[in-house]
J.: 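Below is one structure. I have some questions about it.
In what follows, chains are A, B, ... by sequence order, proteins preceding strands, each numbered from 1.
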Amino acid sequence: MANYSNLEKIRLGKIEALQEEGIAPYPRRVERTHTNLEVSQAFQEIEDNEEAAPIFATLVGRVRSMRPMGKVTFAHIEDGTSRIQIFFRANDIGEDQVKFFNDKFDLGDFIQASGKIFRTRSGEITLRVSSYLMLSKAVTPLPAAKDEVVDGEVVQHATLSDPETRYRQRYADLAVNPDVREIFRARAKTIRALQNFLDERGFLEVETPILQPIYGGAAARPFITHHNQLKQDLYLRISFELYLKRLLVGGFERVYEIGRDFRNEGVSFKHNPEFTQIEFYMAYADYEDVMTLTEAMLAYVVEQVTGGRTLTYQGQEINFETPWKRVELRQGLIDATGIDITQHATGESLTAAMDSLDMEFNPAASRGKLIDDLLGHYLEPNFIQPTFLYDYPRDISPLAKTKPGDPQTVERFEFFIGGMEMGNAFTEINDPLDQEERFLEMGRTFDVEDEEHNPLDEDYLRAMRYGMPPNGGFGMGLDRLVMLLTDTSTIREVLLFPHLREREG
RNA sequence: GGGCGUGUAGCUCAAUGGUAGAGCAGUGGCCUUUUAAGCCAUUGGUUGCGGGUUCGAUUCCCUCCACGCUCACCA
C-alpha cells in the first residue's frame with residue numbers, strides 16, 4: 001500500500017470530488033484532431049490570410065503550467081510533439097468552468113481541450129478553450145518546480161537533477177526533462193542509421209540466441225541461468241560472434257546483429273552489466289576492408305544523427321571525415337613508451353622492460369595482457385579523434401588470424417574515439433585446425449575454474465569444418481557510440497533503465 | 001572490492017552543538033490576455049537507517065544503506 005504524501009492526499013481528495021460530481025478521472029475515450037505541433041504549424045500558415053477559415057482543434061496533453069487570474073486562466077499543455085498554451089475565459093465557458101479547471105486540475109494531469117486557435121496580445125499561439133475534459137488525474141506531483149517558455153523554448157527553473165531519482169524513476173525524468181527524451185530519440189536514430197547503412201550493402205539482419213549452452217566470443221564472466229524443464233544450465237550471451245560466424249558457413253555472406261550482451265563484470269561510466277552491441281561479419285573481406293567500412297559507416301551514422309561530420313564530445317571537437325588515423329600497435333607503443341614489443345617475446349622479458357615505466361601492472365600477466373595494459377594506459381586516453389590501432393598480440397585474440405610471417409601478431413584492430421574503446425575487429429580465423437589449436441592454447445593459459453575461460457565450443461569447430469569463407473568481423477559498443485553522439489559522460493545517460501542496486505521501497 | 005564525497009520539505013538548495021529556513025510547488029483569498037504572472041495569508045520535516053558522545057546532535061564519532069566521482073576489475 002502506498003504511503004501517500006500530503007500533496008498526494010490533496011490530489012486523492014480531488015479525485016473523490018470528481019467522482020462525486022459524476023466525472024471520470026480516468027475516462028476511456030479520447031478525441032484529438034491535431035498534435036500540438038500540427039496545430040501550431042497549421043495556424044501559422046493561415047493566420048495572415050483574412051479569407052482563411054479559423055482553426056478549431058481538439059488537443060490533448062499534460063498540464064505543465066497554470067496561471068489562474070481571476071476569471072481567466074492560462075495553462076500550457078505538453079504532448080509528445082510540443083507545448084501549447086490554452087486559455088480559459090469566463091465569457092467563453094462561464095465562471096464555473098474556469099474555476100473547475102483551477103480547482104480540480106493539477107500540474108501533471110492529462111487534459112483534452114477543444115476550441116479555436118488564436119494568437120494572444122503578447123503573441124503566443126493559443127487555444128481558446130470552449131470545452132475540456134479530464135483525461136488522467138496525476139496523484140503524484142511531477143518533480144519539477146516551474147518552467148517558463150521563452151521564445152518557444154522551455155526554460156527550466158530548478159528541475160529534477162538528483163541522479164539516483166532520475167535513473168530509478170526514469171519515467172519522471174523523461175516527463176520533466178525534454179533533453180533526456182532527445183537522447184533516446186538520438187539512440188533510435190543511431191540504430192536506424194546503422195541498419196540502413198548495412199542493409200544497403202547487402203547485410204542481413206539476424207537474431208541469434210541470448211540463452212546459450214556455451215558462452216564465447218569474448219573474455220568475460222557470464223550470467224548463469226537455468227532451464228527448469230530441460231534441467232540445463234544456460235548462459236546469457238557475452239557476444240554474438242560464434243553464432244554469427246556459423247551463419248557464414250550456412251551461406252549468408254554478410255550478416256549483422258544489434259542486440260544485448262550481458263557481462264557479469266564491474267559497473268563504470270562506460271560499463272553496464274547489459275549493454276547493446278552491434279556485430280557484423282563479411283565474407284571475402286579482411287580487417288583492412290573492415291576498417292574502410294567502419295569509417296564509412298560511422299561517418300554515415302554521425303551525419304544521420306547530428307546532420308554533420310563533426311561533433312563535440314565533452315568539450316572536444318571530433319571529426320569523422322575519412323580516412324581515420326591508423327596506428328600500428330607496435331609503433332604506437334614505441335612512440336609512447338620506447339618499448340618495442342617485438343623485442344620481447346615473453347611476458348618476463350616485457351615485464352623487465354616495463355619496470356622503468358611509471359605504471360602499475362601485474363608481473364605475472366601474459367605478454368598479451370601486458371601489451372593490452374600498456375595500450376590502455378599510454379594510448380587509449382589520447383585517441384580523441386577516431387583512430388584505428390592495429391596488429392594485436394596473438395595470445396589475447398583467439399579468433400583472429402595471425403599476420404603472415406609473424407606468428408606472435410594477429411590481424412586485429414580496435415578503434416577509439418573520444419579516448420574510449422569503441423570496437424574491435426579482425427580477419428577471422430576460418431581454418432578449423434588453427435581455431436582448434438587456438439582454443440586449446442587458451443585453455444592452457446586459463447585456470448579451468450576461471451569463468452573467463454571460454455569452454456571449448458565443439459559445435460563451432462564442427463561448423464567451421466564444413467568450410468567457412470574467409471571473412472572480416474566487427475563489433476562495436478552501441479551505447480558508447482550514443483554517448484558520443486549525445487555528448488553524455490556516462491553510459492547510464494544513454495540507457496533508459498540503467499542498472500542500479502536494489503533498494504527497498 | 002579500495003579511496004574520496006553526498007544524502008535536509010514534492011523539486012532545487014541554505015543553515016547551526018541550543019525550537020531547521022528560502023524559492024518554486026501546495027492550501028485559502030484578490031485579480032478578464034498571462035507566461036518563473038502579480039499581491040496577501042498559510043500548511044508542510046522521524047535532516048537516509050541504526051547506534052554512540054553530550055544537559056542538548058541535523059551538526060561531532062561509528063556501523064549500515066543508497067547514490068556520485070575515482071582506482072581496481074573489464075577483449
J.: Sort out the partner of B/rC74 for me: Watson-Crick or G-U wobble, both distances under 3.5 Å, none otherwise.
T.: none
J.: Please measure how far the P atom in B/rU19 lies from the corresponding atom in B/rU59, and state the result in whole Å.
T.: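 14 Å, rounded to whole Å.
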J.: Across all strands shown, which nucleotide pairs with B/rG26 by Watson-Crick or G-U wobble geometry, both distances under 3.5 Å?
T.: B/rU42
J.: Pick base, sugar-phosphate or nothing for A/Glu421, based on heavy-atom distances below 4.0 Å to the nucleic acid.
T.: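 A/Glu421: backbone/sugar contact only, no base atoms under 4.0 Å.
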J.: Out of B/rA25, B/rA66, B/rA75, which nucleotide sits closest to the side chain of A/Asn424?
T.: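 Nearest listed nucleotide: B/rA75.
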J.: Taking A/Glu8 for the side chain and A/Ser5 for the main chain, is one N or O donor matched with an acceptor at less than 3.5 Å?
T.: yes
J.: Determine the Euclidean distance between corresponding P atoms of B/rA72 and B/rU63; express it in Å to zero decimal places.
T.: 25 Å
J.: Determine which nucleotide pairs with B/rG68, using a 3.5 Å limit on both distances of a Watson-Crick or G-U wobble pair.
T.: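 Partner of B/rG68: B/rC4.
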J.: Of all residues at least two apart in sequence or in a different chain, which pass the side-chain contact (heavy atoms from CB on, under 4.5 Å) check with A/His499?
T.: A/Asn272, A/Pro273
J.: Base, sugar-phosphate, or nothing: which does A/Thr120 touch, judged by heavy atoms less than 4.0 Å apart?
T.: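 The residue A/Thr120 makes base contact.
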J.: Can you measure A/Met69 atom CE to B/rU34 atom C1' for me and round it to whole angstrom units?
T.: 5 Å
J.: Which of the following nucleotides, B/rA75, B/rU32, B/rC69, is nearest to the side chain of A/Pro398?
T.: B/rA75
J.: Please write out each protein N/O paired with an N/O of nucleotides 40-46 of chain B under 3.5 Å, distance rounded to 0.1 Å.
T.:
none

J.: Between P on B/rC74 and CG on A/Leu375, what's the gap in Å once rounded to a whole number?
T.: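 It works out to 13 Å between those atoms.
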J.: Rounded to the nearest Å, what distance is computed from the CD atom of residue A/Glu164 to the P atom of nucleotide B/rC69?
T.: 12 Å
J.: May I ask you to say what A/Phe118 touches in the nucleic acid, namely base, sugar-phosphate or nothing, with a heavy-atom cut-off under 4.0 Å?
T.: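 Answer is base: heavy atoms of A/Phe118 come under 4.0 Å of a base.
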J.: Hunt down the Watson-Crick or G-U wobble partner of B/rG56, both distances under 3.5 Å, from any strand shown, or write none.
T.: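 When the pairing criteria are applied, nothing turns out to pair with B/rG56, so the answer is none.
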J.: Go ahead and name the base partner of B/rU16; Watson-Crick or wobble counts if both distances stay under 3.5 Å, otherwise write none.
T.: none
J.: Taking only the P atom of each, what is the distance from B/rC64 to B/rG3 in whole angstrom?
T.: 11 Å
J.: Pull out every protein N or O sitting under 3.5 Å from an N or O of nucleotides 27-30 of chain B, one pair per line with the distance.
T.:
residue, atom, partner, partner atom, Å
B/rU27, OP1, A/Lys14, NZ, 2.7

J.: Rounded off to whole Å, could you give me the CD-to-P distance for the A/Glu265 and B/rC74 pair?
T.: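 Checked: the CD to P distance equals 7 Å.
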J.: With sugar-phosphate meaning primed atoms plus P, OP1 and OP2, does A/Thr490 contact a base, only sugar-phosphate, or nothing at under 4.0 Å between heavy atoms?
T.: sugar-phosphate
J.: Quick one: side-chain contact (heavy atoms from CB on, under 4.5 Å) partners of A/Glu380, sequence neighbours excluded?
T.: A/Lys270, A/Phe416, A/Glu421
J.: With P as the reference atom in both, quote the distance from B/rC60 to B/rG18 in angstrom, rounded to an integer.
T.: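 So the two P atoms sit 11 Å from each other.
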J.: To the nearest Å, how far apart are A/Arg83 CZ and B/rU35 C1'?
T.: 11 Å
J.: By side-chain contact (heavy atoms from CB on, under 4.5 Å), which residues pair with A/Ile23, not counting sequence neighbours?
T.: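 With sequence neighbours excluded, A/Ile23 shows a side-chain contact (heavy atoms from CB on, under 4.5 Å) to A/Leu18, A/Glu21, A/Phe100, given in chain and number order.
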J.: Distance check, P atoms only: B/rG21 and B/rG44, in whole angstrom units.
T.: 12 Å
J.: B/rU47 pairs with which nucleotide, Watson-Crick or G-U wobble, both distances below 3.5 Å?
T.: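 When the pairing criteria are applied, nothing turns out to pair with B/rU47, so the answer is none.
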J.: Only one of A/Phe87, A/Phe110, A/Phe88 passes ring-ring contact (aromatic ring centres under 6.0 Å, His included) with A/Tyr132; say which it is.
T.: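 Of the listed options, the one satisfying the test is A/Phe88.
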J.: To the nearest Å, how far apart are A/Arg166 CZ and B/rG68 P?
T.: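 That distance rounds to 11 Å.
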J.: Got a sec, which residues hit side chain to side chain donor-acceptor pair (under 3.5 Å) with A/Gln169, two or more places apart in sequence or on another chain?
T.: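 By the side chain to side chain donor-acceptor pair (under 3.5 Å) rule, A/Gln169 matches no residue at all.
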J.: Going through the checks in order, is the side chain to side chain donor-acceptor pair (under 3.5 Å) test met by A/Glu411 and A/Thr427?
T.: CA-CA 6 Å; A/Glu411 294 194 355; A/Thr427 305; 2.7 Å; yes
J.: Can you check whether A/Ile417 reaches A/Tyr313 side chain to side chain, under 4.5 Å on heavy atoms?
T.: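 Answer no - side chains too far apart.
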J.: Give, for atom CD of A/Glu279 and atom OG of A/Ser239, the distance between the pair rounded to the nearest 0.5 Å.
T.: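 Answer for the CD-OG pair, A/Glu279 versus A/Ser239, is 4.5 Å.
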J.: Rounded to whole Å, how long is the line connecting atom NE2 of A/His271 with atom C1' of B/rC71?
T.: 14 Å
